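Notes for the one structure printed next.
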2 protein chains.
Amino acid sequence: MQTNEAFNIEGTANVLKLLGDKTRLTMVKIMSEHECCVCEFVDVFDMSQPAISQHLRKLKDSGLVNEARRGQWIFYSLNQTSLYYSYILTVIKELPSQNFKVEELTAQGKRICCD
Amino acid sequence: MQTNEAFNIEGTANVLKLLGDKTRLTMVKIMSEHECCVCEFVDVFDMSQPAISQHLRKLKDSGLVNEARRGQWIFYSLNQTSLYYSYILTVIKELPSQNFKVEELTAQGKRICCD
DNA sequence: CGAATATATAATCAAATGCTTATTTGGTTA
DNA sequence: TAACCAAATAAGCATTTGATTATATATTCG
């Protein structure tokens, strides 16, 4: 819901608040490493499917992520054209990789792949 | 209350949440341009003195700002040695200057100066 | 010392947030 | 078309957050 082309305090605060949640920040880090669908997030986080959907909706509403349906699944990825994309890169660059979480899914045969 | 030397998701999310409040983000921007004491913030924001103190306390508890007593007043400034200082710079760099707010104080003779 | 001023803390409360369960929507597939 | 599955939405609830007012603490100054 980013209405302004330039950075302003209100919009920036909103984005920082969104990123200031452990679950969403982890989601963003994961998406910087892999595209992911909702059910994968549900497996990664010990959390209900609606909880995951609600987090993704907030990220989507503020334009930070894209969604794309592929078959049965809806995949989420970082929106590289967001005004705030460079902030996101700055922040997640230093965070520990979350690849291991997705690799656990792969090991359990739970990874969704639509290639 | 930053316990870890390295960036981790929990600590980073906490800092982003702190910055994800319009009042605190504006305070941080102001502090990047001027050192400020509590009563100046009270004049700048239309908000009670305890509300200001509580915001500053959160910023101080997470190590983002320093406080220094000078006479009757306690001045707050950005802690340039914080692990997260460069994040803060990245974010506030693009925000519109808040100098005009402090200049209004000066015009009203409300600016505190201890030089 | 005692009054005045600046700041911090305590207690309280309304609004916002993040989760849950139940249900609905939308696309796929037999 | 009907059953199935992924994801979204609705409703409800506990917790957190950010404000307020009242009070306490610290420092300065007459």
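Chain A is the first sequence line, chain B the second, and so forth, proteins listed ahead of strands; every chain is numbered from 1. In this text, all values refer to a predicted model and were calculated from it rather than measured experimentally.
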Length of the line joining [X]:[atom1] and [N]:[atom2], which is rounded to integer Å:
X        : N       : atom1 : atom2 : answer
Phe75(A) : dA6(D)  : CZ    : C1'   : 11 Å
Leu56(A) : dA6(D)  : CG    : P     : 16 Å
Arg57(A) : dT17(C) : CZ    : P     : 14 Å
Glu40(B) : dA6(C)  : CD    : P     : 11 Å
Phe41(B) : dT7(C)  : CZ    : C1'   : 14 Å
Lys22(B) : dA16(C) : NZ    : C1'   : 16 Å
Ile52(A) : dT20(C) : CD1   : C1'   : 13 Å

Please list, for nucleotides 25-27 of chain D, all pairs of protein and nucleotide N/O atoms separated by less than 3.5 Å.
none

For this session: Please list, chain by chain and in numerical order, all residues satisfying salt bridge (charged side-chain N to carboxylate O under 4.0 Å, His left out) with Glu104(A), sequence neighbours excluded.
Result: none
Exercise. Which of these nucleotides, dT7(C), dA8(C), dA8(D), is closest to any side-chain atom of Tyr76(A)?
Worked result: dA8(D)
Tabulate protein N/O versus nucleotide N/O from nucleotides 16-21 of chain D, keeping only pairs under 3.5 Å, one per line.
| residue | atom | partner | partner atom | Å |
| --- | --- | --- | --- | --- |
| dG18(D) | OP1 | Asp21(B) | OD2 | 3.4 |
| dG18(D) | OP1 | Arg24(B) | NH2 | 3.2 |
| dG18(D) | OP2 | Arg24(B) | NH1 | 3.3 |
| dG18(D) | OP2 | Lys58(B) | NZ | 2.7 |
| dA19(D) | OP2 | His55(B) | NE2 | 2.2 |
| dT20(D) | OP2 | Ser48(B) | N | 3.2 |
| dT20(D) | OP2 | Ser48(B) | OG | 2.5 |
| dT20(D) | O4 | Gln54(B) | NE2 | 3.3 |

Problem set entry | Stepwise side chain to side chain contact (heavy atoms under 4.5 Å, CB included) test for Val102(B) and Glu40(B) | CA-CA 8 Å; Val102(B) 178; Glu40(B) 289 174 313; 5.5 Å; no
Problem set entry | Heavy-atom side-chain contact between Ser48(B) and Val42(B) under 4.5 Å | no
Problem set entry | salt bridge (charged side-chain N to carboxylate O under 4.0 Å, His left out) contacts touching residues 80-102 of chain A (sequence neighbours left out) | none
For this session: Would you give the length of the straight line joining atom SG of Cys37(A) to atom CG of Asp43(A), rounded to the nearest 0.5 angstrom?
Result: 8.5 Å
Exercise. How would you list, by chain and number, every residue that makes a side-chain hydrogen bond (donor to acceptor under 3.5 Å, both in side chains) with Ser97(B), sequence neighbours excluded?
Worked result: Glu33(B), Asn99(B)
For this session: For Tyr87(B), check ring-ring contact (aromatic ring centres under 6.0 Å, His included) against everything at least two apart and list the hits.
Result: Phe7(B), Tyr84(B)
Problem set entry | Leu18(A) and His55(A): CA distance, side-chain angles, deciding distance, side chain to side chain contact (heavy atoms under 4.5 Å, CB included) verdict | CA-CA 9 Å; Leu18(A) 282 180; His55(A) 283 304; over 6 Å; no
Problem set entry | Heavy-atom donor-acceptor pair, Lys29(B) side chain to Ile92(B) backbone, under 3.5 Å | yes
